[in-house]
Amino acid sequence: MAASSTFRYSLLFVCISVFLSFALADDPTVSYKFEYSYITASPLGVPQQVIAINGKFPGPTINSTTNNNVVVNVRNKLDENLLITWAGIQQKRNSWQDGVLGTNCPIPPKWNWTYNFQVKDQIGSYFYFPSLNFQRASGGFGGFIINPRSVIPTPFDNPAGDIIVLIGDWYIRNHTDLRKTLDAGKALGMPDGVLINGKGPYRYNDTLVPDNIDHETINVEPGKTYRIRVSNVGVSTSLNFRIQNHNLLLAETEGSYTVQQNYTSLDIHVGQSYSFLITMDQNASSDYYIVASARFVNESTWRRVTGVGILHYSNSKGKASGPLPDPPQDQFDNTFSMNQARSIRWNVSASGARPNPQGSFRYGSINVTEVYLIKNTPWVTINGKTRATLSGISFVNPTTPIRLADQYKVKGAYKLDFPTTPLTGPPKMETSVINGTYRGFMEVIFQNNETKMHSYHADGYAFFVVGMGYGEWTNDSRGTYNKWDGIARSTTQVYPGAWTAVLISLDNVGIWNLRTENLDSWYLGQETYIRIVNPEINNKTELPMPDNALFCGALSRMQTPQDTSLATSVVFSGGCGWVAAVVMMMMIFQMLVF
Ligand SMILES: *[C@@H]1O[C@H](CO)[C@@H](O)[C@H](O)[C@H]1NC(C)=O
Ligand SMILES: *[C@@H]1O[C@H](CO)[C@@H](O)[C@H](O)[C@H]1NC(C)=O
Ligand SMILES: *[C@@H]1O[C@H](CO)[C@@H](O)[C@H](O)[C@H]1NC(C)=O
Ligand SMILES: *[C@@H]1O[C@H](CO)[C@@H](O)[C@H](O)[C@H]1NC(C)=O
Ligand SMILES: *[C@@H]1O[C@H](CO)[C@@H](O)[C@H](O)[C@H]1NC(C)=O
Ligand SMILES: *[C@@H]1O[C@H](CO)[C@@H](O)[C@H](O)[C@H]1NC(C)=O
Ligand SMILES: *[C@@H]1O[C@H](CO)[C@@H](O)[C@H](O)[C@H]1NC(C)=O
Ligand SMILES: *[C@@H]1O[C@H](CO)[C@@H](O)[C@H](O)[C@H]1NC(C)=O
Ligand SMILES: *[C@@H]1O[C@H](CO)[C@@H](O)[C@H](O)[C@H]1NC(C)=O
Ligand SMILES: *[C@@H]1O[C@H](CO)[C@@H](O)[C@H](O)[C@H]1NC(C)=O
Ligand SMILES: *[C@@H]1O[C@H](CO)[C@@H](O)[C@H](O)[C@H]1NC(C)=O
Ligand SMILES: *[C@@H]1O[C@H](CO)[C@@H](O)[C@H](O)[C@H]1NC(C)=O
């Protein structure tokens, strides 16, 4: 036993020194080992199967610093395929690591696969989640932080603490049951609640909240200021986030520093992330409620779709009690929320991930090279199946991922014909992809023709959110665009019966998913990809295919099987085992030589 633990310690040492030597030669590495499995949990008081990582729900936070290499060894102990996507992380030159079916073959059950990517030129708050089979509705998500390097200034003082708050609507039915409902052409209906960091509501009302539900508590010191990073990881419900008696000073969203402004509450739509600086300036006569409540719904019927946590000062004199703080009273004013969204602006003088000021990128003076008006509609029936569409096309995932099909010149895997304006004929099901021009500047207008809120997300990019308005977008709408300090982010809301316009600088080569973050519509096909190819083939604008790439579809014969019998007897941790072995051998060799 003793010998074996000494052996392990020396391995650990070797591991660390290998990483240090990488750090000297290259950028430092942070590694994680994620084991995905089902556990039983009762976040709303009813036992159900949730997806855990290393036995925990939600999963661990990935805490990285810009330029780090992030290595995540994912072992799939679920009974279905798995892919992890890193929402908002831009994966520079590297759609190979993006974890969606258009770029990667899935990780089969019992297999593991190592993601390896560099977080570059971004600083801020993100999250990761499983992208297949509706799995996010059962968990498998966690926070993802990218910190600045010490040489890069931050436009606020160092906070006393950095706290992740994952909010999201939640069903007691698991993801396989929810999938069956959608496959049968039915809507999911009202969620059963809202979770905060995987926990149900504090019992603020004995009739509404059953006994014995575990709630989230955030412990703080009076007088201090904390950074709270809030992401909506839910299925499809927009949430209003607020903390009783406390101002939310908005500081960052999805990698951009905002003009700092106080809000009493902020609408956070599915897939969005924000950082607030919150000063503990109250008298602690009691604890305070943290609330995430369903937005744009009938509040009397949706009352149970409310997440409630507790903000606890170390000098608190008692429990929180009484009614929750009010949501915005805007039932008769549909412009309130949109005006709030428009008020979120970029701090153009704050520095970004690179030492040059962000404002040096004047997006408003760049000529647009291609325009896509992308419109959804309420769900349609195609070939007897309920489907969701973008511009009249319901996306069908390719059997051979688009990126791999390009690499190996597989013919007919997809069509590069996504239309610039919505199709007028009957809706169809196709693997139809946007032909993006490398170094082009694309304007995308999302037109939401549904009666519910959507948020649209681009992988691989942060886009500038330049305009929003009710009704149909027209050329004249461009006159209302913010050409100066529109926020750069990866996920924007599009209000029902309204449009949102974004500008995208197509400088990141790869195949990038463009989708609704609303899981139900995404599952039913409301997505496409943007394909950006550098006509000059080199290894500078896109990284080569990784050695461990998985093969499937037309290329499945190239895949060597993985020996899953070793799965439980692995000694080494992280992705450093073989490196450690090689380095040990080199050390022994050196000892023999000298
Ligand atoms: C989901 O729930 C159903 C029961 O409603 C159960 O039969 C099934 O095993 C569960 N699936 C998973 C993956 O947890
Ligand atoms: C699977 O994980 C083990 C360690 O957990 C590692 O040694 C092995 O290289 C991994 N295999 C793959 C294909 O990533
Ligand atoms: C913008 O960033 C600058 C530079 O860090 C900072 O001094 C300033 O206070 C910020 N402005 C606002 C309005 O947040
Ligand atoms: C992330 O790691 C840094 C040290 O590298 C630490 O200072 C910081 O507190 C960590 N943040 C979180 C949220 O764990
Ligand atoms: C608890 O909720 C019920 C149902 O909405 C409501 O009738 C009751 O007034 C609430 N109780 C308190 C103490 O707020
Ligand atoms: C935000 O509110 C706090 C009080 O909670 C106040 O001290 C601060 O000056 C406000 N900041 C801005 C930018 O309005
Ligand atoms: C503490 O603050 C609350 C709300 O601002 C106020 O109603 C209460 O009177 C204060 N209590 C004390 C002891 O100052
Ligand atoms: C909300 O739902 C309740 C109960 O179904 C109904 O009586 C009420 O009219 C609804 N309110 C609105 C504004 O639709
Ligand atoms: C944009 O287009 C206009 C006219 O179409 C042209 O005069 C201008 O030079 C272009 N600007 C840039 C930055 O290319
Ligand atoms: C895609 O766009 C490029 C220009 O960026 C063009 O040369 C090519 O013909 C287009 N391909 C298709 C299939 O339309
Ligand atoms: C949907 O589009 C039709 C046709 O353009 C329009 O008449 C209708 O008002 C739109 N509905 C919404 C909710 O945007
Ligand atoms: C790119 O890198 C790969 C593997 O590192 C190498 O095989 C290939 O020749 C390189 N291609 C170019 C154009 O440099």
Side-chain angles (χ1 to χ4, degrees), residues 155-157 159 220 222-228 242-252 257-266 275-283 288 296 311 325 334 338 343-345 347 350 368-380 389-392 402 405-406 411-424 427 430-442 445-454 468-474 477 494-500 504 506-507 509 511 529-536 541:
F156 43 83
D157 293 337
V220 293
K224 301 223 156 116
T225 298
Y226 293 80
R227 180 175 189 167
I228 301 197
R242 52 197 188 272
I243 301 182
Q244 190 173 30
N245 284 8
H246 289 75
N247 269 330
L248 309 174
L249 182 64
L250 180 65
E252 177 260 344
Y257 292 123
T258 63
V259 169
Q260 291 175 20
Q261 290 185 85
N262 278 321
Y263 295 86
T264 45
S265 74
L266 194 83
S275 285
F276 302 109
L277 300 172
I278 302 180
T279 302
M280 303 305 153
D281 55 5
Q282 295 299 299
N283 60 23
Y288 300 96
F296 317 118
L311 182 73
N334 68 355
M338 192 186 279
S343 75
I344 298 169
R345 285 171 303 124
N347 181 343
V368 165
T369 59
E370 49 231 276
V371 182
Y372 281 82
L373 174 60
I374 299 182
K375 184 176 184 174
N376 67 17
T377 57
W379 295 352
V380 293
T389 59
L390 280 180
S391 289
I402 300 161
D406 279 356
K411 293 264 177 293
Y414 64 92
K415 288 185 181 163
L416 207 53
D417 65 351
F418 194 89
T420 53
T421 53
L423 296 180
T424 46
E430 239 169 39
T431 310
S432 177
V433 172
I434 294 177
N435 182 13
T437 309
Y438 177 56
R439 296 213 161 123
F441 199 59
M442 185 185 275
I445 301 108
F446 297 107
Q447 181 80 50
N448 183 355
N449 196 239
E450 294 190 58
T451 51
K452 62 186 187 199
M453 190 73 169
H454 271 274
M468 289 181 191
Y470 280 102
E472 301 277 314
W473 179 90
T474 65
S477 309
V494 188
Y495 291 83
W499 55 268
T500 295
I504 316 178
L506 301 178
D507 55 2
V509 171
I511 308 287
Y529 285 79
I530 309 180
R531 178 177 179 271
I532 295 129
V533 174
N534 180 355
E536 180 197 325
T541 48

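In each ligand, atom 1 is the first atom listed, and ligand 1 is the first ligand listed.
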### Task
Check each atom of ligand 11 against the heavy atoms of Asn448 and keep those under 4.0 Å away; list them by number with element.
14 (O)
Does one side chain, of [X] or [Y], offer a donor that lies under 3.5 Å from an acceptor on the other?
X	Y	answer
Asn448	Asn376	yes
Glu370	Thr437	yes
Ser275	Tyr257	no

### Summary
The option among Thr264, Ile278, Asn262, Leu250 carrying the non-hydrogen atom nearest to atom 6 (C) of ligand 6 is Asn262
### Query
Which of these, Ile434, Ile532, Thr437, Asn435, has its nearest heavy atom closest to atom 12 (C) of ligand 10?
Asn435
### Message
My question is simple, although I want it checked carefully: is atom 9 (O) of ligand 11 less than 4.0 angstrom from any protein heavy atom?
### Response
no
### Query
Could you give the distance from CZ (Arg242) to OG (Ser265), rounded to the nearest 0.5 Å?
6.5 Å
### Query
When you check the gap from the basic side-chain N to the acidic O, do Lys375 and Glu472 get nearer than 4.0 Å?
yes
#### Entry: Worked verdict on Asp417 versus Ser432 for side chain to side chain donor-acceptor pair (under 3.5 Å)
CA-CA 6 Å; Asp417 65 351; Ser432 177; 2.7 Å; yes
#### Entry: Location of contacts on Asp281 toward ligand 6, heavy atoms closer than 4.0 Å
side chain
### Task
Starting from atom 14 (O) of ligand 11, find the nearest protein heavy-atom neighbour and note its residue, name and distance.
Asn449 ND2, 3.0 Å
### Query
What residue and heavy atom of the protein are closest to atom 4 (C) of ligand 11, and at what distance?
Lys375 NZ, 4.2 Å
### Query
Between Gln447 and ligand 11, which residue portion shows a heavy-atom distance shorter than 4.0 Å: side chain, backbone, both, or neither?
neither
